[in-house]
4 protein chains.
Amino acid sequence: MPRITAEAKTQARRRLLEAGAEHFARDGLERASVDAIAVGAGYAKGTFYNYFDSKGALFGEVIAEGARRAVARYAEVEEHGSVRERLTALAAADVTVLREEEAFIKVVVREAMSFRAETYPVVVQHLAPYLSKVESVLSDGIAAGEIRSDRPSVQLALMFVGTLTLLYVQHWGSGGAWPSLDDVPDLAVGAFLDGAAVRKGDTA
Amino acid sequence: MPRITAEAKTQARRRLLEAGAEHFARDGLERASVDAIAVGAGYAKGTFYNYFDSKGALFGEVIAEGARRAVARYAEVEEHGSVRERLTALAAADVTVLREEEAFIKVVVREAMSFRAETYPVVVQHLAPYLSKVESVLSDGIAAGEIRSDRPSVQLALMFVGTLTLLYVQHWGSGGAWPSLDDVPDLAVGAFLDGAAVRKGDTA
Amino acid sequence: MPRITAEAKTQARRRLLEAGAEHFARDGLERASVDAIAVGAGYAKGTFYNYFDSKGALFGEVIAEGARRAVARYAEVEEHGSVRERLTALAAADVTVLREEEAFIKVVVREAMSFRAETYPVVVQHLAPYLSKVESVLSDGIAAGEIRSDRPSVQLALMFVGTLTLLYVQHWGSGGAWPSLDDVPDLAVGAFLDGAAVRKGDTA
Amino acid sequence: MPRITAEAKTQARRRLLEAGAEHFARDGLERASVDAIAVGAGYAKGTFYNYFDSKGALFGEVIAEGARRAVARYAEVEEHGSVRERLTALAAADVTVLREEEAFIKVVVREAMSFRAETYPVVVQHLAPYLSKVESVLSDGIAAGEIRSDRPSVQLALMFVGTLTLLYVQHWGSGGAWPSLDDVPDLAVGAFLDGAAVRKGDTA
DNA sequence: CATGAATGAGAATTCATTCAT
DNA sequence: AATGAATGAATTCTCATTCAT
C-alpha cells in the first residue's frame, strides 16, 4: 500500500486534509468554507487550490482517507478465535480509530447515513474493504455453524456495520450520554448476535 | 372577512410543505432553494414568505410534520398480541407511512442521522412519542418475560428504531436493491429480537 | 380654502395621512412600509391603494398637509406690534403647531433639510406662503427702520425660518435636552435679531 | 508577504469611500446601492465586501471620514485675532473643505439634520472636535467681552455651526442660487454676531 | 369599498474559484 | 509554492403594487 505515502506526500496536503475533516465534521460540506479550512491548515485560501481541485474534491478525499484509516486498523486485528471474539475485536479496533480520528470518521458516518447521490457511491466504494473483512468473519462463522445460514453473509455484514454505526450516531447525538464509546463493542456484538428476545433455555 | 378561506390558506401552506419535503429530501437543507420550492408548489418566490419566515423555518416544520404523520400512523396500531407481533405491526405501520410520505420521512431520517446541533433536538423532540410507543411495547415484553431484562427499555427502544432506520438507509442507499420495503418489518424485528447467532437448540 | 375639506373628504384618507406622517417621521420615506401605515390607520394594505397612488404620492401629500397646517396657524397671528413682537408671535404659533402635529412637522423639516431632488421642490412650494408671511413682517420692519436694509427681505426671511428650524433639529437631536420647545421662540428671535456680539452701548 | 502593498489596499478602500460618499450624497443611504458604489469605484460588487462589512458600515465610515477631513482643515486655522476674524477664518476653512469634499460633507450635513437614531450619535461624536474648536473661540470672546455672556458657550457654538450648516443647505437647496459659497463665511459670521435688527447708534 | 394573497423586481450578502505577482 | 485581491454567480429575503373576490 504505497498509496498513503504517495497521496500524503506533501505536508501541505496532509494538513489540508486534517483541517478539512475537522471542518466537514463540524459544519458539513456546504457550510464548511474553503477559506476556513485553508486557514485552519495554516495556509492562505489560494494555496488550497494548489493541492485540491475544489471543495468537493477535498471532501471526497477526506472520506477516502477516513475509510482508509479505518481499514488500516482493521488489518491489525487477530484472525482467529470465535466469531464473537473476532467481531468484538473488529468493533474495538473501529472504536480505537474513532477515538483517534474522530473528525474523519464523523464525516464518513454522516455521509454513509445521508444517502446523497453525489457522495454515497464514494463512501460505499471506500468502505468496501471494511465490509469484506466483516463479511469474511461472518462467512467463517456460518461455515462453523456459529452464525445463521439463512441470510447472505453480505447482508449480515451490512447489518453488523450498520449496528456499529448506529451506536456511534446515538453516542454523538446524545452528547456522549449513551452509549459511551467503551460500551460500543460489546453492545454492538451483543445486539447483533444475540438479539433482545429471551429464548427457551436462556436464563433471563 | 376573508374572501379566501382559512382552508385555502392552509392549502397553500400544505403545498409549500410538500414541495419543501420533496426538495429537502432530494437536496438537503442547504442545496434546496426557496425559489425552487415555491415554484415546485406552484407559487412565485415571494409567496413563500407569506407562509414561512425563512427557509430554515420551513425545514423545521417539515421535520415536525413528518414526525407528526409517522406518529399518527402509529396510533392506529393494535395494542395486543405478542411482542413480536406488536413490533412487526409497528414496523409495518412505519413502512406504510414511508411509502406514502417518503419525502417527509427521508428528511426526518437524514436529520436524525446527521446529529447536527441545529436540528437534532427538534428531531428528537418530535420523535419522542414514536419512541415511547416502542418502549411501552418492550416494557410489556420485559414484564411478560419475552424480552431480556438486562437493558433499560429506553435503550432497547432506541436500538429497535435505529435498526428500522438503518434498513431504510440501506434501502435508499442501495437504490432499492436490498432490502425492499416489503422485507423491512420482518428483517427489523428478526434482527432486533433474534440476532444472528445460532444457539443451542436452534435449528440452523 | 375649501381644499382642506375637499382633500380630507373621507375619514379613511385622513387616517391614512395621519398614520403616514407618524411612520414617515419615525422611519423616513424608504423605511416606512405601506403595510405598516395601512395597519396603523386601521385598514388592510390593499385599502391604501384606494386612496393613494403610491407610497411616494402619500409622502408628497403628507408634506403638503404639514405645510398647510402650519400655514393655517400662522393665519391667526396678530398683524400689529413691533417686528420683534410679531416674529415672536409667529414663532410661538409655529411651536404650537409643532406640538400638535409633531409627526407632520418632522417630516416637513427633515425633507426641507435633506435637499433631495425628488422632494425638495415640493417642500419649497408648500412652504412658500409660510415664508411670505415672515417676509412681509420683515419688509414692514425694514420700512420702519427696525431691520437692516442691506439684505433682501427674502433672504432675511429664509434666515429666520432657517434659525427656527435649526432649533427644532437641535431639540429633536438632543432628545429634548436643549433647547426645550418653550425656549424656542425667544431663542430664535433673539439670535435672529440681536446676534451674539456685544456692541458699544450694550450692557453685557 | 503581501504582493499587493498595504497602500494598494488602502487605495481600494479610499476609492470605495469616495464612491460611497458620492452615491450617499446623491441618493441617501437607502437608495444608494452597493452594486453602484462598487462599480463607481471601478470594482465588481463582490470586491466591496473585501473592504467593508456592509453598506451600513461604509456609511458610518463615510461620515467619520467626512468629519475627519473637516476637522483636519480646522486645525490649520490661525489662533489669534478678533473673534470675528477667527470665526470668519473657521468658516472659510469649512467652505474650503466643502468645495474639495462636497460629497462627504453633504452626507455629514444630511445626517446631522436628519436626527435619525441610528446615525445621529455617530455624527455628533465625530463633529465633537469641530464644535470644541468653535466653542473655544467663543469662550475667548466672552472673556474678552466681545461675545454676550448670557448664553453658555456650547449653545453659542451650536448656533454658529448650525447657521453655517443652514447656509449650506440653502445653497444646495437653491441649486447654488443663494447663497453662493463665496458669500457663506461673511453671511454666517454676520448673521451670528450681528443679527438683523437695527440698533441705536447703527448706521442703517 | 375593503381585503389580503400573489407577485416579481430589486437589493444585500456569501463564497468558491481564478490568477497575477 | 504561496498569496490574497478580484470576481460574479447564486441565494435569501423585502416590499410596493396588483387584482380577484
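Quick note on labels: first sequence line is chain A, next is B, and so on, each numbered from 1.
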Which of the following nucleotides, [options], is nearest to the side chain of [X]?
X       : options               : answer
A/Val34 : E/dT17, E/dT7, E/dA12 : E/dT17
B/Tyr49 : F/dT17, E/dA6, F/dC13 : F/dC13
B/Tyr43 : E/dA11, F/dT7, E/dA6  : E/dA6

Taking [atom1] from [X] and [atom2] from [N], how many angstroms apart are they, rounded to a whole number?
X       : N      : atom1 : atom2 : value
D/Leu16 : F/dA5  : CG    : P     : 13 Å
A/Phe48 : E/dA16 : CZ    : C1'   : 9 Å
D/Arg13 : F/dA5  : CZ    : C1'   : 15 Å
C/Arg31 : E/dG10 : CZ    : P     : 20 Å
A/Gln11 : F/dA1  : CD    : P     : 14 Å
D/Asp35 : F/dA10 : CG    : P     : 16 Å
D/Leu58 : E/dA11 : CG    : C1'   : 15 Å
D/Ile37 : F/dA6  : CD1   : P     : 17 Å

Show, in sequence, the C-alpha distance, side-chain angles and deciding distance for D/Glu22 and D/Arg26, and conclude whether the salt bridge (charged side-chain N to carboxylate O under 4.0 Å, His left out) test is met. CA-CA 6 Å; D/Glu22 218 72 55; D/Arg26 174 155 29 81; over 6 Å; no
Would you call B/Arg69 and B/Glu18 a salt bridge, using N to O less than 4.0 angstrom?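 Yes, B/Arg69 and B/Glu18 are salt-bridged.
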Please determine whether the number of non-hydrogen atoms from other residues, nucleotides or ligands lying under 6.0 Å from atom CG of A/Asp53 exceeds 12.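 Not buried by this count: 12 neighbours or fewer within 6.0 Å.
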Tell me whether the side-chain N/O atoms of A/Thr47 come closer than 4.0 Å to OP1 or OP2 in F/dT3.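 Yes, such a contact exists.
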Indicate, yes or no, whether a donor-acceptor pair under 3.5 Å links the base of F/dA6 to the side chain of D/Asn50.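 When only heavy-atom distances are counted, D/Asn50 does reach the base of F/dA6 through a donor-acceptor pair under 3.5 Å.
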Does any N or O donor sit under 3.5 Å from an N or O acceptor when you compare the side chain of D/Lys45 with the base of E/dG10?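 Counting by modelled atom types and ignoring angles, no donor-acceptor contact under 3.5 Å is found here.
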Let me spell it out: for each of A/Tyr51 and B/Leu29, pick the nucleotide of DNA chain F with the closest heavy atom. Which residue's pick is nearer the 5' end?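 The residue whose closest nucleotide sits nearer the 5' end is A/Tyr51.
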Reading DNA chain F from 5' onward, which residue's closest nucleotide shows up sooner: C/Glu30 or D/Ala44?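 The residue whose closest nucleotide sits nearer the 5' end is D/Ala44.
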Pairing check on F/dA10: which nucleotide meets the Watson-Crick or G-U wobble criteria with it, both distances under 3.5 Å?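 Matched F/dA10 with E/dT13 under the 3.5 Å cut-off.
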Need the pair for F/dA20. Rule: Watson-Crick or G-U wobble, both distances under 3.5 Å, any strand; none if unpaired.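 Paired with F/dA20, as far as the under-3.5 Å criterion goes, is E/dT3.
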Specify whether B/Phe59 and B/Phe24 have parallel, tilted or perpendicular ring planes, treating 30° as the upper limit for parallel and 60° as the lower limit for perpendicular.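 Because their plane-to-plane angle is over 60°, the rings of B/Phe59 and B/Phe24 count as perpendicular.
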Atom pair CZ/CD of D/Arg68 and D/Glu101 - distance to nearest 0.5 Å: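 D/Arg68 CZ to D/Glu101 CD: 12.0 Å, rounded to 0.5 Å.
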What's [X] touching, base or sugar-phosphate or nothing? Going by heavy atoms closer than 4.0 Å.
X       : result
C/Ala32 : sugar-phosphate
D/Ser33 : sugar-phosphate
A/Phe52 : nothing

Of all heavy-atom pairs between A/Ala19 and A/Ile37, which one has the smallest distance, and what is that distance?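 Closest heavy-atom pair between A/Ala19 and A/Ile37: CB-O, 3.5 Å.
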